[in-house]
Undergrad: 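Structure provided below as structure tokens; questions to follow.
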Amino acid sequence: MELGKTNAAAYQAMLHLERYVRGSGIEPTLLELIKIRASQINGCAFCIDMHTKDARVNGETEQRIYALNAWRETPFFTPEERAVLALTEAVTLIATDHVSDALYEEVNRYFTQDQIANLLMAIVTINGWNRIAITTRIVPGSYKPQPLQERKTALETLSA
């Protein structure tokens, strides 16, 4: 199934949510870390391929991309990034272990309530895309990254 080639209102709604997340003020490198980490957990090969390419275009290093699934054991991530990665994992694995009060407090040390809401929407959105990509069996490898401004324009065109 090629959901992206349909005119399904639900697909259009996902594109609008994605556009919101991309324009919410989350730093592009941090946004790609969220997308990669959730996609790793969910086993979404297409999204891992896409977002590692996008991360590189946004200036992310190979070292950090390769170490992302073991971020706790590396010195490569800031305290703010660590809090967001922990939140990403907790939300993605919500059925396993709920998001703890301690984690909320940690994230709240670095981000405002509005920023946390935007981070949460970014995590929810990539989890949705992972499920769509896996269910519709989108094959990884063909995605070509674009500079951030061009991606925003492409999303606007798709949602028009």
Side-chain angles (χ1 to χ4, degrees), residues 3-4 10-11 13-141 143 145-146 148 151-152 155:
L3 190 60
Y11 183 74
M14 280 296 295
L15 288 174
H16 285 289
L17 185 55
E18 180 66 31
R19 187 171 59 210
Y20 170 80
V21 166
R22 288 193 179 275
S24 70
I26 299 171
E27 193 272 320
T29 303
L30 182 59
L31 182 58
E32 295 305 333
L33 292 176
I34 291 167
K35 290 172 178 274
I36 296 166
R37 187 63 193 121
S39 299
Q40 289 173 332
I41 293 167
N42 290 322
C44 184
F46 179 82
C47 292
I48 292 169
D49 179 65
M50 172 187 275
H51 296 295
T52 55
K53 289 174 179 176
D54 286 344
R56 287 180 190 100
V57 167
N58 284 312
E60 188 54 83
T61 66
E62 296 293 315
Q63 182 179 47
R64 284 171 36 110
I65 292 170
Y66 297 150
L68 188 55
N69 65 345
W71 62 268
R72 285 182 176 86
E73 286 77 42
T74 73
F76 309 143
F77 301 94
T78 67
E80 294 88 349
E81 290 169 333
R82 290 175 176 282
V84 171
L85 290 170
L87 182 64
T88 300
E89 291 180 356
V91 172
T92 301
L93 298 169
I94 197 83
T96 304
D97 190 23
H98 297 291
V99 180
S100 71
D101 289 343
L103 179 52
Y104 275 122
E105 290 171 17
E106 180 66 13
V107 174
N108 201 41
R109 289 180 58 202
Y110 304 106
F111 300 96
T112 67
Q113 291 298 299
D114 285 343
Q115 289 172 321
I116 294 169
N118 289 334
L119 291 167
L120 178 59
M121 293 313 299
I123 297 164
V124 167
T125 303
I126 189 56
N127 274 280
W129 285 125
N130 289 165
R131 282 146 180 81
I132 290 168
I134 292 167
T135 302
T136 60
R137 294 176 175 84
I138 300 176
V139 178
Y143 176 77
Q146 300 170 329
L148 186 59
R151 271 186 273 142
K152 285 181 181 176
L155 279 172

Undergrad: With a 4.5 Å heavy-atom cut-off, do L33 and V84 have their side chains touching?
TA: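 L33 vs V84: side chains apart.
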Undergrad: Looking at Y104, is its backbone amide N or carbonyl O close enough to the side chain of N108 to form a donor-acceptor pair, meaning the two atoms are under 3.5 Å apart?
TA: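 Side chain of N108 to backbone of Y104, a donor-acceptor pair under 3.5 Å: no, none is there.
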Undergrad: Between atom OG of S24 and atom CG of D114, what is the distance when rounded to the nearest 0.5 Å?
TA: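 It is 10.5 Å, given to the nearest 0.5 Å.
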Undergrad: K53 and Y143: which non-hydrogen atoms are nearest, and at how many Å?
TA: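 Distance-wise, the nearest heavy atoms are NZ-O, 2.8 Å.
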Undergrad: So, for V57 and P145, which heavy atoms are closest and what is the spacing to 0.1 Å?
TA: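 It is CG2-CB, 3.5 Å.
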Undergrad: So how far is it from M121 CE to I123 CD1, rounded to the nearest 0.5 Å?
TA: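 Result: 10.5 Å between the selected atoms.
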Undergrad: Verify side-chain contact (heavy atoms from CB on, under 4.5 Å) between R64 and E81, making sure each step is shown before the conclusion.
TA: CA-CA 11 Å; R64 284 171 36 110; E81 290 169 333; 2.8 Å; yes
Undergrad: Find the distance between OG1 (T52) and CD1 (I36) and round it off to the nearest 0.5 Å.
TA: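 The CD1 atom of I36 is 5.5 Å from OG1 of T52, to the nearest 0.5 Å.
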Undergrad: Please assess W71 against R37 for the test side-chain contact (heavy atoms from CB on, under 4.5 Å), listing each intermediate value before the final yes or no.
TA: CA-CA 10 Å; W71 62 268; R37 187 63 193 121; 4.0 Å; yes
Undergrad: Mind checking whether T78 and Y110 have side chains closer than 4.5 Å, heavy atoms only?
TA: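 Answer no - side chains too far apart.
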Undergrad: Are the side chains of R22 and R19 in touch, meaning some heavy atoms are under 4.5 Å apart?
TA: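 No, too far: nothing below the 4.5 Å cut-off.
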Undergrad: With side chains defined as the heavy atoms from C-beta onward, is the minimum distance between L31 and K35 less than 4.5 Å?
TA: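 In contact.
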Undergrad: Once rounded to the nearest 0.5 Å, what's the spacing between atom CG of N58 and atom CG of L30?
TA: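 If we round to the nearest 0.5 Å, N58:CG and L30:CG are 11.5 Å apart.
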Undergrad: Does I126 reach the side chain of H51, with side-chain heavy atoms less than 4.5 Å apart?
TA: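 Side-chain contact under 4.5 Å: yes.
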Undergrad: Grab the two heavy atoms, one from E60 and one from I65, that are nearest each other, plus how far apart they are.
TA: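 What the structure gives for the nearest pair is CG-CG1, 3.6 Å.
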Undergrad: Of T125, T88, V21, V91, which is the lone residue that meets side-chain contact (heavy atoms from CB on, under 4.5 Å) with I34?
TA: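 By the side-chain contact (heavy atoms from CB on, under 4.5 Å) criterion, I34 pairs with just one of T125, T88, V21, V91: T88.
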Undergrad: Quick one: CG on N42 to CH2 on W129, what's the gap to the nearest 0.5 Å?
TA: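 Taking CG in N42 and CH2 in W129, the distance rounds to 14.5 Å.
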Undergrad: Look at E89 together with R82 and state whether they make a salt bridge at an N to O cut-off of under 4.0 Å.
TA: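 No salt bridge links E89 with R82.
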Undergrad: With a 4.5 Å limit on heavy-atom distance, are the side chains of Y20 and N118 in contact?
TA: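 Yes - at least one pair of side-chain heavy atoms lies under 4.5 Å apart.
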Undergrad: Please identify each residue that fulfils salt bridge (Lys or Arg N to Asp or Glu O under 4.0 Å) with E105, with sequence neighbours left out.
TA: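 Listed in chain order: nothing, the list is empty.
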Undergrad: Tell me the closest heavy-atom pair linking A83 and V107, and the distance in Å.
TA: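 So the two residues come closest at O-CG2, 3.6 Å.
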Undergrad: Between CZ of F46 and CD1 of I134, what distance do you get to the nearest 0.5 Å?
TA: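 Taking CZ in F46 and CD1 in I134, the distance rounds to 12.0 Å.
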Undergrad: Using the side-chain contact (heavy atoms from CB on, under 4.5 Å) rule, take L68 and F77 through it: C-alpha gap first, then chi angles, then the decisive distance, then the call.
TA: CA-CA 9 Å; L68 188 55; F77 301 94; 3.9 Å; yes
Undergrad: Are the side chain of D49 and the backbone of A45 linked by a donor-acceptor contact shorter than 3.5 Å?
TA: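 Checked: no pair found.
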Undergrad: Are any non-hydrogen side-chain atoms of L103 and H98 less than 4.5 angstrom apart?
TA: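 Answer no - side chains too far apart.
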Undergrad: Is E32 close to T29 at the side-chain level, that is, under 4.5 Å between some pair of heavy atoms?
TA: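 The answer is no; the side chains never approach within 4.5 Å.
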